[in-house]
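Just so it is clear, the model here is predicted, and its values are computed rather than measured. The residues of the chain are indexed from 1 along the displayed sequence.
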Amino acid sequence: MTHRQIMEALSGLLLVLFVAMASSTIVSTALPRIIGALDGSQTQYTWVVTASLLTATASTPIWGKLADLYSKKLLVQISIVVFVLGSMVAGMSQTAGQLIAARAFQGLGMGGVQALVQIAIAAMIPPRERGRYNGYLGGVMAVATVGGPLLGGLIVDTSWLGWRWCFYIGVPIAVIALVVLQKTLNLAVIKRENVKVDYVGATLIALGVSTLLVWVSFVDSSFAWLSWQTYAMVGAGLAILALAVRVETRVAEPVVPIQIVKQPTTALSIIASLAVGMAMFGGSVFLGQYFQIGRGYSPTEAGLLTIPMMAGVLVSSTVAGRLISISGRIKPYLVAGTLILVGGFAGLSLLDHDTSLWYVGGAMALVGIGVGMTMQNLVLAVQNTVALKDIGAASSTVAFFRSLGGTIGVSVLGAVLAHRVTDNLTHELAAAGVPASGASASSTLNLSALPAAIQHLVRVAYGDATGHIFLISAAIAVVGVIAALLMKPTALRSTVDAVQPTEEPAGDSPGVARDGSRGRAEDLALTES
């Protein structure tokens with residue numbers, strides 16, 4: 001494909017990505033106000049985010065496998081429609097429970113968009129050239145993540161709009177994305193016969209992960225760490241995941257291909273993606289809450305205060321992407337990015353309720369730089385090692401584990417934050433001579449309903465507790481550094497498909513030659529389209 005053809009198709013894909021990312025960032029700063037309006041709790045606050053991440057995680061490998069079998073363009077459009085329907089239902093929610101359910105449905109579409117955009121780009125652009133286009137991806141991510149919180153803050157601060165428009169506003173953008181994709185995205189469809197999608201494996205993975213996340217959300221609050229509930233839920237979750245692994249090793253078309261996961265580069269990228277996902281999602285989700293509840297800023301101001309982190313994402317992803325395309329080397333940037341990410345979270349671990357905003361901004365910028373250098377490039381490292389026929393499964397597998405890490409991170413750090421806030425607030429109330437039962441009254445996050453003196457104590461409790469979860473994020477990000485260091489240095493290939501040696505053993509699906517002949521045919525089809 002010519003550069004012009006790539007840019008025309010990329011415009012629609014980037015618009016799709018913008019819709020999905022903006023939907024999460026718009027909610028990020030508005031969520032404290034939304035949960036307060038729906039009279040929700042800290043646990044429900046966490047699950048509004050976790051629900052969408054969980055369903056996105058569970059559906060990502062299915063979208064990726066379908067992309068290897070059917071039209072990528074049609075699948076992107078279907079995922080957008082699912083996302084739009086979920087957004088509309090979320091906007092009409094009357095309780096926090098309804099909002100959580102709507103966000104879970106919305107996550108199905110988000111998982112499709114996030115996986116399929118990467119897959120479609122991989123089908124158009126060789127790895128060696130893809131770093132240059134990853135700069136555009138970073139730019140869209142930065143615009144969505146900077147503009148989203150600002151827009152979300154403005155919406156909830158505008159009386160004649162209200163928080164429901166945080167969900168409605170993405171609908172017209174999604175419609176425009178559908179129109180643009182219909183006109184610009186043209187990818188060859190390679191049909192395979194006797195195809196089976198592993199719905200059983202996907203269901204088991206989602207069920208096992210969900211069981212463990214539910215346990216994390218309620219342990220130490222509803223029941224003790226060592227209790228029959230813990231033994232039952234953890235045991236059941238691990239047993240289900242063990243069964244899922246067994247299924248994945250036996251089915252013909254697994255959603256998480258074991259043979260791909262076993263490759264060193266893929267395995268290490270998955271480990272790094274887990275760590276980066278846990279650290280990034282788990283940490284950044286609570287920044288909006290820190291600025292609003294811990295520091296007392298409005299949603300709009302909270303959105304403005306997150307700009308340093310998003311500027312770091314924009315600059316680092318653009319610069320690193322171009323340098324990778326020039327040099328053809330990716331490992332140095334992954335190592336540097338994970339190290340910077342650890343440093344950023346270590347800086348944020350020192351936060352309390354009166355930390356200088358200049359210091360907070362500097363630490364957030366480091367986190368943004370680390371994310372920009374690692375997130376897209378971990379997917380690129382995996383795509384460079386697999387043939388075009390497996391690009392969907394490989395890309396979605398990395399995205400799956402990154403989302404899984406984010407889901408676990410949000411759930412675990414949310415539970416830690418809730419526990420820490422309760423302890424801090426109980427201590428502050430006792431010091432002020434207020435009965436400790438007042439801590440439960442303030443857990444609704446609706447501070448306007450509390451006396452001014454209690455509001456101050458709640459802000460102090462939240463502000464001082466937030467640094468603790470960023471310390472945990474820094475520790476998790478260290479795992480990403482280790483994984484990046486262990487990666488084997490590999491030059492990025494200059495072809496869309498990988499040419500496999502003829503002496504490798506057979507074992508691919510029918511009609512696929514190990515000598516790469518199908519990859520060259522696909523290259524020709526893509527060029528003609």
Side-chain angles (χ1 to χ4, degrees), residues 35 40-62 95-108 111 198-249 255-256 270-271 273-275 277-279 281-283 285-286 400-423 440 443 465 468-469 472-473 475-476 479:
I35 295 298
S41 65
Q42 175 65 47
T43 298
Q44 289 173 319
Y45 180 103
T46 301
W47 269 97
V48 169
V49 179
T50 302
S52 60
L53 283 175
L54 179 60
T55 52
T57 300
S59 63
T60 292
I62 295 180
T95 66
Q98 292 176 5
L99 179 60
I100 291 171
R103 289 280 289 171
F105 183 77
Q106 189 184 37
L108 295 174
D198 180 24
Y199 295 108
V200 174
T203 302
L204 289 173
I205 291 171
L207 186 59
V209 172
S210 300
T211 303
L212 294 177
L213 290 177
V214 170
W215 168 72
V216 168
S217 297
F218 293 103
V219 71
D220 204 30
S221 58
S222 299
F223 49 83
W225 287 90
L226 299 178
S227 62
W228 70 266
Q229 292 96 331
T230 292
Y231 298 137
M233 297 178 76
V234 173
L238 293 178
I240 293 171
L241 290 177
L243 181 59
V245 172
R246 181 178 177 83
V247 169
E248 295 301 273
T249 59
V255 290
V256 179
I270 285 172
I271 294 173
S273 295
L274 269 169
M278 289 183 70
F281 286 106
V285 159
F286 300 104
F400 167 79
F401 282 101
R402 185 179 64 213
S403 295
L404 177 61
T407 308
I408 296 172
V410 170
S411 186
V412 170
L413 296 184
V416 171
L417 178 63
H419 181 74
R420 192 86 173 186
V421 166
T422 300
D423 289 347
S440 60
S443 64
H468 185 67
I469 65 172
I472 298 174
S473 296
I476 294 171
V479 177

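Going from atom CD of E248 over to atom CG of L243 covers 10.0 Å, rounded to the nearest 0.5 Å.
Put simply, the side chain of T55 does not reach to within 4.5 Å of the side chain of F105, judged on heavy atoms. At a threshold of 4.5 Å between non-hydrogen side-chain atoms, the residues L212 and M233 do not count as touching. Counting only heavy atoms from C-beta outward, the side chains of L413 and L417 never approach each other to under 4.5 Å. For the pair T211/L241, no side-chain contact is recorded, criterion being any heavy-atom separation below 4.5 Å from C-beta on.
Of the residues listed (D423, T422, V421, V416), the one engaging H419 in a side chain to side chain contact (heavy atoms under 4.5 Å, CB included) is D423, and it is the only one.
Looking at every heavy atom in both residues, G201 comes nearest to A244 through O-CB, 4.4 Å.
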